Asks: 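The structure follows.
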Amino acid sequence: MSEFDSVPFLKTVSTEPGVYRMYDAQHQVIYVGKAKNLKKRLSSYFRSNIPESKTRALVKNIADIEVTLTNTETEALLLENNLIKQYMPRYNILLRDDKSYPYILLTDHKHPRLGFHRGARKVKGEYFGPYPSAGAVSESLRLMQKIFTVRQCEDAYYRARSRPCLQYQLKRCSAPCVGKVSDQDYDAEVDLVRKFLTGKSSEVIAELVKKMEQASAKLDFEHAAKLRDQILMLRRMQEQQSVSGNFAELDVVGFANDKGLQAIHILMIRDHKVLGSKTFFPKVPKNTDSDEVLSSFCAQYYLAVGKTGRIVKEVVTPFDFAEQEELAVALSEIANQKVVFKHAKRGEKADYLTLANKNAKNAINVKAAAKDSIAQRYRELRDALNIDVIERMECFDISHTMGENTVASCVVFDKDGPNNKEYRRFNVTGITGGDDYAAMAFALNKRYGKMNEDSLVPDIIFIDGGKGQLAQAEQFFANWTLTKTPLLIGVAKGTSRKPGLETLLMNGGAQTINLEASSPALHLIQHIRDESHRFAIAGHRNKRQKQRTVSVLEEISGVGPKKRQAVLKYLGGIQGVKSATIKELNRVPGISLDIAERIYNHLHDKVD
């Protein structure tokens, strides 16, 4: 069954709760698990008849096992979750999107600020959410800025004001920074925001209607008109966004398993409304049943939520799963409130579940279609290059401004397309400024200089550039000692630098390949090339911003001092410029469509 001698090991294993780590022959962690009774759980792996093929494959690779005892099963659950994140074992189900969730923050200041927050709750104030995405928070803040005149500026900007900013002129802030509103009136507006964010929109509208009537009675028609506009916008938002129901707070977990993919879709219901949703595609080992997928997902997801936010009281699931009662008890301890998992079969919860399952199924169809498209591109590229296998490709690019702050990027594509976790940047040092050849040599040495395993070597390395850059790569690999040697390809732009005119260079440029502009193989090459270009530019600009205090607008050709001043004044500062669309930039007096596109592309790292 396995080279691992389980008999003496199992004799020494405790019956206490704890966590176990299984290692392969290379002492890599291949599985992390928890158990209420370690001896009983670990003994189950070494039975004479194991029905699950996934478990049989796991056991065959076990070379060693380590255990860690815990006081309770809850402690074991937490430790297991942390170790899975640390080691990312290949036989565990892995939740790929492990970022903390975004919230709206109302700070605890004399004049509270509304803003975006993600991560640990170190800032004093009230947190509303979690929201399904940063985009949902940004959209909510944008809409609230039109309705409530509560400041959204950073504290440093707020403290430095000596006169109202553009947001005050646009009636999107009451300018508490310079005393344009009394503390009492500002607090009343903050209270309306608080009620709105807790789902009490109808109560907010009722208060505004009452104030509007009072203003009209006092013949303060200007204030009454302002309140009327607030009421209209709130009612419009209710019509557009509210999906009202009987339940104040729920998470509804939808699940689909099709086309070799598993998708989990969460509907987040807060204050009787569907606040948003998010789809996950857990990394699932082969032959894993749906029960284990849902169990692992719920444990990892809600433990992560518990670290930065509030766990909901009730989670509706597509089916009952193993250990859901134990998980509910553990999460209840963490949340300091009772948490339950329930499978809904009828009523409103069942309707929500049907919707969540439908979204999960749709997400799989979309992802499968994209996967088929990627697979076709890989097939076309293999045929174009006359090679049998492409499992991993890497691409390099160099970015700098007049030789300063040089950054090299390396992006990685595997069989599923971009693998963002493998992307790397290198701050290039010790070369003459502007020497792209030396920068390329530096990056290649950083990336491959200490590589000692054939399994890590890519099948293809693309170099964004012509013969000179390609020559640096070929020179580096001339003395390559590993068995596997990557295919080196330079991607040279055409004379007009338009997409579709690229030439592929090999063998020092002696061999060239020109693919049709419509070729899926060329589209794949353009994708990885553009990703490396974007990633390099983003790294370079981040590095440059740390060293310079000048406005990023000064770096844009054709945007002089007058245009910069006009854009900043019209859009209320650099943050307003960064969030503006091309149409909004074009509305600035003196800014043509061409200049607007140039500003937008520069600020958003668009590939030329």
Side-chain angles (χ1 to χ4, degrees), residues 101 128-133 136 140 195-205 235 237-258 262-282 289-306 309-366:
Y101 285 84
F128 302 91
Y131 283 74
S133 66
S140 297
K195 289 179 179 178
F196 175 77
L197 286 169
T198 52
K200 300 175 182 176
S201 303
S202 299
E203 190 176 325
V204 173
I205 290 174
R235 282 181 173 153
M237 283 183 68
Q238 276 189 325
E239 292 171 3
Q240 292 173 350
Q241 295 183 341
S242 296
V243 180
S244 299
N246 296 317
F247 300 98
E249 183 181 68
L250 284 175
D251 272 1
V252 183
V253 180
F255 178 80
N257 184 356
D258 193 21
Q262 288 80 24
I264 292 175
H265 185 86
I266 296 184
L267 286 179
M268 301 174 184
I269 297 163
R270 306 291 185 271
D271 300 302
H272 305 275
K273 294 181 292 187
V274 177
L275 180 69
S277 63
K278 191 172 182 68
T279 303
F280 299 85
F281 293 94
D289 60 36
S290 299
D291 183 280
E292 186 179 353
V293 174
L294 186 61
S295 176
S296 295
F297 172 83
C298 287
Q300 293 184 53
Y301 175 79
Y302 285 105
L303 285 169
V305 169
R310 179 175 171 275
I311 301 173
V312 296
K313 294 180 180 179
E314 184 174 352
V315 180
V316 177
T317 59
F319 47 82
D320 293 325
F321 57 88
E323 299 184 347
Q324 71 177 35
E325 295 300 326
E326 293 87 343
L327 177 59
V329 170
L331 293 175
S332 297
E333 289 184 25
I334 297 167
N336 293 318
Q337 65 176 6
K338 187 175 181 181
V339 177
V340 297
F341 291 89
K342 290 183 179 178
H343 170 49
K345 296 181 180 179
R346 62 183 65 87
E348 187 178 328
K349 292 179 184 177
D351 292 339
Y352 280 135
L353 184 57
T354 299
L355 178 61
N357 287 334
K358 183 178 180 181
N359 276 278
K361 173 69 173 174
N362 181 66
I364 283 182
N365 290 336
V366 172

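The model shown is predicted, which means the values in this text are computed figures rather than measured ones. What's counted below: heavy atoms across the whole structure, side chains too, no hydrogens, waters or symmetry copies.
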Asks: Please round to the nearest 0.5 Å and tell me the distance separating atom NZ of Lys358 and atom CG of Leu353.
Replies: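 Going from the NZ atom of Lys358 to the CG atom of Leu353 covers 13.5 Å.
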Asks: For a quick test of reading the model, state the closest non-hydrogen atom pair linking Ala344 to Ala350 and the distance between them.
Replies: CB-N, 3.7 Å
Asks: Looking only at non-hydrogen atoms, find the nearest pair between Val339 and Ser332 and report the distance.
Replies: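 Looking at all heavy atoms of both residues, the shortest contact is N-OG, 2.8 Å.
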Asks: Ignoring hydrogens, what is the shortest heavy-atom contact between Asp251 and Tyr301? Give both atom names and the distance.
Replies: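 Nearest pair, atom of Asp251 first, then Tyr301: OD2-CE2, 4.4 Å.
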Asks: Is the side chain of Glu292 donor-acceptor paired with the backbone N or O of Asp289 at a distance under 3.5 Å, no angle test?
Replies: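 Not confirmed, Glu292 side chain does not pair with Asp289 backbone.
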Asks: Where is the tightest heavy-atom contact between Lys342 and Glu314, given as atom of each residue plus distance?
Replies: CD-OE2, 3.4 Å
Asks: Compare every heavy atom of Lys338 with every heavy atom of Val340, then report the nearest pair and how far apart it is.
Replies: CG1-CE, 3.8 Å
Asks: Only one of Val312, Val316, Leu250 passes side chain to side chain contact (heavy atoms under 4.5 Å, CB included) with Ile269; say which it is.
Replies: Leu250
Asks: Less than 4.5 Å apart, any side-chain heavy atom of Val253 and any of Phe341?
Replies: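 A side-chain contact is absent here, since even the closest heavy-atom pair is not under 4.5 Å.
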Asks: Could you tell me the separation between the CD1 atom of Ile264 and the CD1 atom of Ile364, rounded to the nearest 0.5 Å?
Replies: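 Output value for this atom pair is 10.0 Å.
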Asks: Can you tell me how far apart NZ (Lys278) and CD1 (Ile266) are? Round to the nearest 0.5 Å.
Replies: 9.5 Å
Asks: Using 0.5 Å steps for rounding, measure from the CD atom of Glu323 to the CG atom of Leu294.
Replies: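 Those atoms lie 12.0 Å apart.
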Asks: Please report the interatomic distance OG1(Thr317) to CZ(Phe297), rounded to the nearest 0.5 Å.
Replies: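 Going from OG1 on Thr317 over to CZ on Phe297, the span is 12.0 Å.
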Asks: Please name the pair of heavy atoms, one in Tyr302 and one in Ile311, separated by the smallest distance, quoted to 0.1 Å.
Replies: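 Closest approach of Tyr302 to Ile311, heavy atoms only: O-CD1, 3.6 Å.
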Asks: Less than 4.5 Å apart, side chain to side chain, heavy atoms only: is that true for Asn357 and Pro318?
Replies: yes
Asks: Any donor-acceptor pair under 3.5 Å linking the side-chain atoms of His265 with those of Thr279?
Replies: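 Indeed, the side chains of Thr279 and His265 share at least one donor-acceptor pair under 3.5 Å.
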Asks: Donor-acceptor pair, distance only, cut-off 3.5 Å: does the side chain of Ser295 make one with the backbone of Asp291?
Replies: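 Between the backbone of Asp291 and the side chain of Ser295 there is no qualifying donor-acceptor contact (under 3.5 Å).
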